[in-house]
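Chain letters run A, B, ... following the sequence lines, proteins first and then strands; every chain starts at 1. Keep in mind it's a predicted model, so treat the numbers as computed, not measured.
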Amino acid sequence: MPHDLPKAYEPGAIEARWAEFWVNEKLFSAPNPEPGDSRPRFSLLLPPPNVTGRLHMGHMLNQTQMDIIVRWHRMRGFLTLWLPGTDHASIATQMMVERQLATEKKRRQDLGRDAFIERVWCWKRHYGGAILEQMKRLGASVDWDREYFTLDENLSRAVREAFVRLYEEGLIYRGKYIVNWCPRCGTAISDLEVKHEEAPGKLYEIRYPVVGSDEFITVATTRPETMLGDTAVAVNEKDERYKHLHGKKVRLPLMNREIPIITDEVAQPEFGTGAVKITPSHDANDFEAGLRHNLPQIDVMDERAKMNSNAGPYAGLDRSEARDRVLNDLREQGFLVAEKDYTVALAKCDRCGTVVEPRLSLQWFLKVEPLAKRAIEVVEKGYIHFKPENYKQIYLNWMCNIHDWCISRQLWWGERIPAWCCLDCGETIVARDSPSQCTKCSSGRLEQDPDVLDTWFSSGQLPFTALGWPEATADLAAFYPTSLLITGFDILFLWVARGMIMLSCWFMSPPHRPLAEGEKPLDSEAVLRESVPFREVYIHALVRDADRQKMSKTKGNVLDPIEVIEKYGTDATRFTLASMSSPGTDIAFNPSRTEGYRAFANKIWNAARFMFMNVDRIGSGGVANGSFKSSKGISGFAPVALEDRWILSRFNRVAGGVDTALRAYRFDDAARAIYDFFWGELCDWYIELIKPRLLAEGEADGKSARASCANLVLLFEASLRLLHPIMPFITEEIWHAIYDGEPPLRSIALAAYPQIDSGQVDGVAENDISILQDVIINIRNLRAELKVEQKVKVPVQIYAADSAIRTLIQQNQGAIERLANVDSIAFSEKSLANLAGARGTTRFDVLLIYEKKIDAAVERERLRKDLDRYEKEISNGQRQLQNEQFLAKAPKQVVEGIRKRAEELEILIRTTRSKLDGL
RNA sequence: GGGCGGUUAGCUCAGUUGGUUAGAGCGCCUGCCUUACAAGCAGGAGGUCGCAGGUUCGAGUCCUGCACUGCCCACCA
């Protein structure tokens, strides 16, 4: 670091340089673990961003938290792996490319499947790395050597393997069921990809004429267009109103079809008219009812939600046009008897917002029950621990009510389902590799299932597939289960629960768990415990904008992390996110806060500049040698003066506090503790206190100056290590400078993380310094009240009953004089407390000797206010002290505290009164 | 329809298992270009902790109800 540093910290160039350095030096590549390596392991998976993705604030929060935890572990000596990769994100990516095609006025069908997929690969090669490049800029200390893409050949093979095994176990089946169908995307989606919304709508009542009578039966529906596919009307068996109609038929209006009246539980007498139309092809409940009663299924729409030929005269109409026409016709023909305002529940595609159509179609499903059972057990037994803990219950509730998972998608981009259909005999063949002939009829005319797998089905396997499953790889042995997962609750069910926990517990248990040669199978208790994808899940909050609004493109309130970074620096942005990561609430990201942390970076920068301006005197280089290895306290720090003992003690306590905070994922506490220490103690007091020694010239003080320089560098070096996980860039920069560009390690990230050394904690020094701070602050207060000009030095009188305090003040007279701008200190024989213009605590009083009169009116008001407060407080205190129950029940410390405070208050009240009288 | 959060200074948020005087940053006011830092230094104003009850010697903290607000889940026509 050159000595003519800019006065203001400029993060841009520095951060870019280190980001590149970390990647190029492969600093964070986890070594291939040796069998004998007994270091504790720490591994975690980066939730893979979509290849199509651009970094947003949520990513940055997520990655900042992970990076803090990862760097912290690495510095504490863990063998650490943070595994990055990207997700092919079948539906999202396909949409992206289709949108691009649309600008060329083309559809994917115009290209054909192969050409379209090639186009996506092209696109992926071109734009796919963007988000990872952005991650590098954040300083994410991932292992770039192990980076994967979910369609890499080894991962694809693993996913096919998993599919085949599940199929062979009878857990994957194919069937025609009602699924959520997005007419715009043209594919089935799972229930978790559907968002429910409420919207004002209508409840229509339609009467169906009963065959062979003049009667009508009136049904209620919010979706009249589906009546074209009705195959029954249901009433409740117990419903007296309809008992006489059991077994009869109705004539379906518009379609002129006779359909039966059935009795079924779906019809609830209290709702609407108590009679419900049954459309098995367009409603999940009706589908079930249809199966119970053997009803025909009449599908009246196509895959784009246009009416098909089954809809008779309505064929070709879009579903909403069809609704209007049906209603019109019903109205004209007198079948529509009521239209009531009604709040309808709309199901929308999570991706594109199109209203989902329940649609009967042939799909692949995963039978989740046996997998869910394990997924419940591992959480109940505490093998996976949720943080915050309330997610455990949310998870369990959900997992207990889980439905079978539709895993096929009618998309082109993705992991193709490894199933083939024999064009001759219709046999379905599920195989790891493309079969050459039908297993049943030996025909060679086989066609692969056109569908691809739900992305979450493959990404749910990443904890084990990304480590090498189904092979017994060294990585799998060394790093599975991973230690931690940090993610947002938005993908808790989609990815964490239904994906990773369910699939990992299944495939990392016997018989699927691969065993290395000579490895003993797990005992029964360990089977479950070791099958989990991660031992802990930390769920982080959502990042909102400064007005607590969800960031969204449509609202235009999306904050681009890269822009924030360019303005304030990565370190400041990371620090903002860390300091706002308190549990329970969302994060309202306010750049004014980031501005404050940029100032913090600047403060550190300038403290470093100051240090380097003085450290010359004893030569740079070697001062801090060895201390970077000290994981306890600061090794080599040799206290000479009181403030040395104090700052060493404070450093240790802060290190202890940070450790506690990070263990509990209290990033905010950790950040605050370091901030307060660095700025409020190291800069505001320690540096100010040692300045005279640091700047001292001449032989007499030379030794002391050298010692304080050495201590300052050691302190600084250790403080940088403490801060490094949160602010990696500036700490790296200054750390290298401390070693004059020749550090003992390639990076501060490889140095030891400071831990508390209780031997370096010094309560006496902390207490003494706090008295001196009180003295100085009281004098500063007086100066401000008396409006003493900044430059004028003033003599003070101090009274202290305790001789130890007098000694302390005498010994540190120079410091007081400098920091409070005092030119002499005289001790008074008697208390000064009663004098107007004096201040103090129970331990001492100070009085300024200054001719300027205080403003009596202002002073009187201030004193009155104080007096009020004191009197209120003392009356509270005395009431408590007179209360026998309080004395009997409250802890001794509390009673003692209040008693002491009451004594203090009595003095304060007395002196305040006499000051008032004096005025 | 179930469930979960939030409500503390003008703004954004901390506040451990109930315990002496409820904190920080930003903003605001006053004074300082004090040789590391004006992105700074020193000092200051500003809060009946959403409302109403209850438990307790003692409640921002625990309990009940209410209000406002955000979110998750849910096949009710």
Side-chain angles (χ1 to χ4, degrees), chain A residues 5 7-9 178 191 196 203 219-223 234 266-268 271-273 275-279 283-288 342 344-345 347 358 388 390-391 393-394 397-398 401 403 489-490 492-493 542 544 546 548 550 568 579-580 582 584-590 592-593 595-614 664 666 668-669 672 675-676 683-684 687 691 695 777 780-781 783-785 787-791 820-821 869-870 873 876-877 879-880 883-891 893-902 904-905:
Chain A
L5 299 170
K7 273 170 85 171
Y9 177 56
I178 291 274
D191 44 1
H196 296 275
L203 184 65
V219 299
T221 181
T222 55
R223 302 206 47 207
V266 289
Q268 288 169 21
F271 187 90
T273 59
V276 58
K277 63 194 259 323
I278 302 292
T279 324
D283 182 281
N285 281 321
D286 295 5
F287 174 77
E288 297 292 333
Y342 190 72
V344 295
N390 58 325
Y391 283 103
Q393 204 48 50
I394 295 173
N397 285 345
W398 184 82
N401 296 307
H403 302 297
F489 69 83
D490 50 330
L492 178 63
F493 302 132
L542 198 71
R544 298 167 171 281
R548 311 209 113 268
K550 220 173 184 167
Y568 303 107
S579 70
M580 300 196 74
S582 36
T585 52
D586 287 341
I587 295 176
F589 191 94
N590 196 331
S592 76
R593 199 108 169 212
E595 212 175 318
Y597 296 125
R598 179 185 60 177
F600 178 51
N602 190 51
K603 187 76 184 177
I604 295 167
W605 182 255
N606 277 291
R609 277 180 67 218
F610 176 75
M611 174 175 69
F612 291 124
M613 287 165 109
N614 297 286
R666 288 303 305 262
D668 58 330
D669 282 350
R672 201 182 354 266
Y675 180 97
D676 289 345
C683 291
D684 287 351
I687 288 182
K691 263 182 185 171
L695 303 170
I777 287 168
R780 284 174 180 168
N781 281 333
R783 292 180 60 101
E785 280 159 24
K787 298 208 182 339
V788 180
E789 281 160 53
Q790 214 80 21
K791 283 177 188 160
N821 215 12
R869 215 177 58 231
Y870 296 149
E873 201 189 326
N876 278 341
R879 197 170 51 235
Q880 277 177 295
N883 186 323
E884 277 172 35
Q885 299 227 39
F886 170 72
L887 296 175
K889 288 181 183 171
Q893 280 176 320
V894 174
V895 177
E896 201 38 48
I898 291 181
R899 190 166 280 146
K900 259 193 167 153
R901 178 64 184 165
E904 235 173 79
L905 283 166

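For the C1' atoms, the distance linking B/C29 with B/C37 amounts to 23 Å, nearest Å. Separation of the P atoms belonging to B/U7 and B/U17 is 15 Å when rounded to the nearest angstrom. Nucleotides B/G47 and B/G31 are separated by 23 Å at their P atoms, to the nearest Å. With C1' as the reference atom, B/G50 and B/G5 are 15 Å apart, rounded to whole Å. Separating the P atom of B/C49 from that of B/C41 is a span of 33 Å, rounded to the nearest Å. Between B/G58 and B/C13, the distance separating the two C1' atoms is 27 Å to the nearest Å.
Looking at heavy atoms from C-beta onward, A/Phe489 lies in side-chain contact with A/Tyr391 at the 4.5 angstrom threshold.
Within 4.0 Å of A/Tyr568, counting heavy atoms only, lies no atom of the nucleic acid at all. Residue-level contact check: A/Val895 touches neither bases nor backbone, having no heavy atom under 4.0 Å from any strand. Using a 4.0 Å heavy-atom cutoff across all strands shown, A/Phe493 reaches sugar-phosphate atoms only and no base atom. A/Ala267 comes within contact range of at least one nucleobase, with a heavy-atom separation under 4.0 Å. Note on A/Glu896: nothing from the nucleic acid sits closer than 4.0 angstrom, heavy atoms only. Counting any heavy atom pair closer than 4.0 Å across all strands shown, A/Ala8 reaches a base atom. Heavy atoms of A/Asp490 sit nowhere under 4.0 angstrom from any nucleic acid atom. Note on A/Arg598: a base of the nucleic acid sits closer than 4.0 angstrom, heavy atoms only.
Rounded to whole angstrom, the span from the CH2 atom of A/Trp398 across to the C1' atom of B/G2 amounts to 17 Å. The nearest whole Å value for the distance from the OH atom in A/Tyr391 to the P atom in B/G3 is 17 Å. Rounded to whole Å, atom C1' of B/G5 lies 10 Å from atom CZ of A/Phe489.
If you check B/A36, B/C4, B/G43 against the side chain of A/Cys683, the one that comes closest is B/A36.
Applying the side-chain hydrogen bond (donor to acceptor under 3.5 Å, both in side chains) criterion to A/Asn390, with sequence neighbours excluded, gives no partner residue. For A/Tyr9, the ring-ring contact (aromatic ring centres under 6.0 Å, His included) criterion is met by A/Trp605, not counting sequence neighbours. With sequence neighbours left out, A/Arg869 forms a salt bridge (Lys or Arg N to Asp or Glu O under 4.0 Å) with A/Asp866. Under the side-chain hydrogen bond (donor to acceptor under 3.5 Å, both in side chains) criterion, A/Asn602 pairs with A/Asn606, not counting sequence neighbours. For A/Glu904, the salt bridge (Lys or Arg N to Asp or Glu O under 4.0 Å) test picks out A/Arg901, with sequence neighbours left out. Residues passing the salt bridge (Lys or Arg N to Asp or Glu O under 4.0 Å) test with A/Asp191 are A/Arg498, sequence neighbours excluded. Looking at residues two or more places apart in sequence or on another chain, you find no salt bridge (Lys or Arg N to Asp or Glu O under 4.0 Å) involving A/Lys889. Annotation: ring-ring contact (aromatic ring centres under 6.0 Å, His included) contacts of A/Phe493 (sequence neighbours excluded): A/Trp398.
Under 4.0 angstrom from either OP1 or OP2 of B/G40 there lies no side-chain N or O belonging to A/Arg609. When the side-chain nitrogen and oxygen atoms of A/Lys691 are compared with OP1 and OP2 of B/U35, none of them lie within a distance under 4.0 Å.
Looking at A/Arg869, its side chain has no donor and acceptor atom pair within 3.5 Å of the base of B/U21. Judged by distance alone, with hydrogens and angles left aside, A/Lys7 brings no side-chain donor or acceptor close enough to the base of B/C37 to form a pair under 3.5 Å.
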Show the distances under 3.5 angstrom between N or O atoms of the protein and N or O atoms of nucleotides 56-59 of chain B.
{"unit_1": "B/C57", "atom_1": "OP1", "unit_2": "A/Gln885", "atom_2": "OE1", "d": "3.1"}
{"unit_1": "B/C57", "atom_1": "OP1", "unit_2": "A/Lys889", "atom_2": "NZ", "d": "2.1"}
{"unit_1": "B/C57", "atom_1": "O2'", "unit_2": "A/Asn883", "atom_2": "ND2", "d": "3.2"}

Find every protein N or O atom lying less than 3.5 Å from an N or O atom of nucleotides 46-48 of chain B, and list the pairs.
{"unit_1": "B/G46", "atom_1": "OP1", "unit_2": "A/Lys865", "atom_2": "NZ", "d": "3.2"}

For nucleotides 23-34 of chain B, list the nitrogen or oxygen atoms of the protein found under 3.5 Å from its nitrogen or oxygen atoms, one pair per line.
{"unit_1": "B/G31", "atom_1": "O2'", "unit_2": "A/Gln790", "atom_2": "OE1", "d": "3.4"}

Practice problem: Take A/Leu887 and A/Val895 through the test side chain to side chain contact (heavy atoms under 4.5 Å, CB included) and record every step on the way to the result. | Solution: CA-CA 7 Å; A/Leu887 296 175; A/Val895 177; 3.8 Å; yes

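For A/Asn876 and A/Asp669, each mapped to the nucleotide of RNA chain B holding its nearest heavy atom, the one lying further toward the 5' end belongs to A/Asp669.
Taking a cutoff of 4.0 Å between a charged side-chain nitrogen and a carboxylate oxygen, A/Arg672 and A/Asp676 do not qualify as a salt bridge.
For the pair A/Lys603 and A/Tyr675, the cation-pi test (distance below 6.0 Å, angle within 45°) is failed.
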Practice problem: Would you sketch RNA chain B in dot-bracket for me? Only Watson-Crick or G-U wobble pairs with both distances under 3.5 Å count, crossing pairs as [ ], other-strand pairs as |, the rest as dots. | Solution: (((((((..((((.....[...)))).(((((.......))))).....(((((..]....))))))))))))....

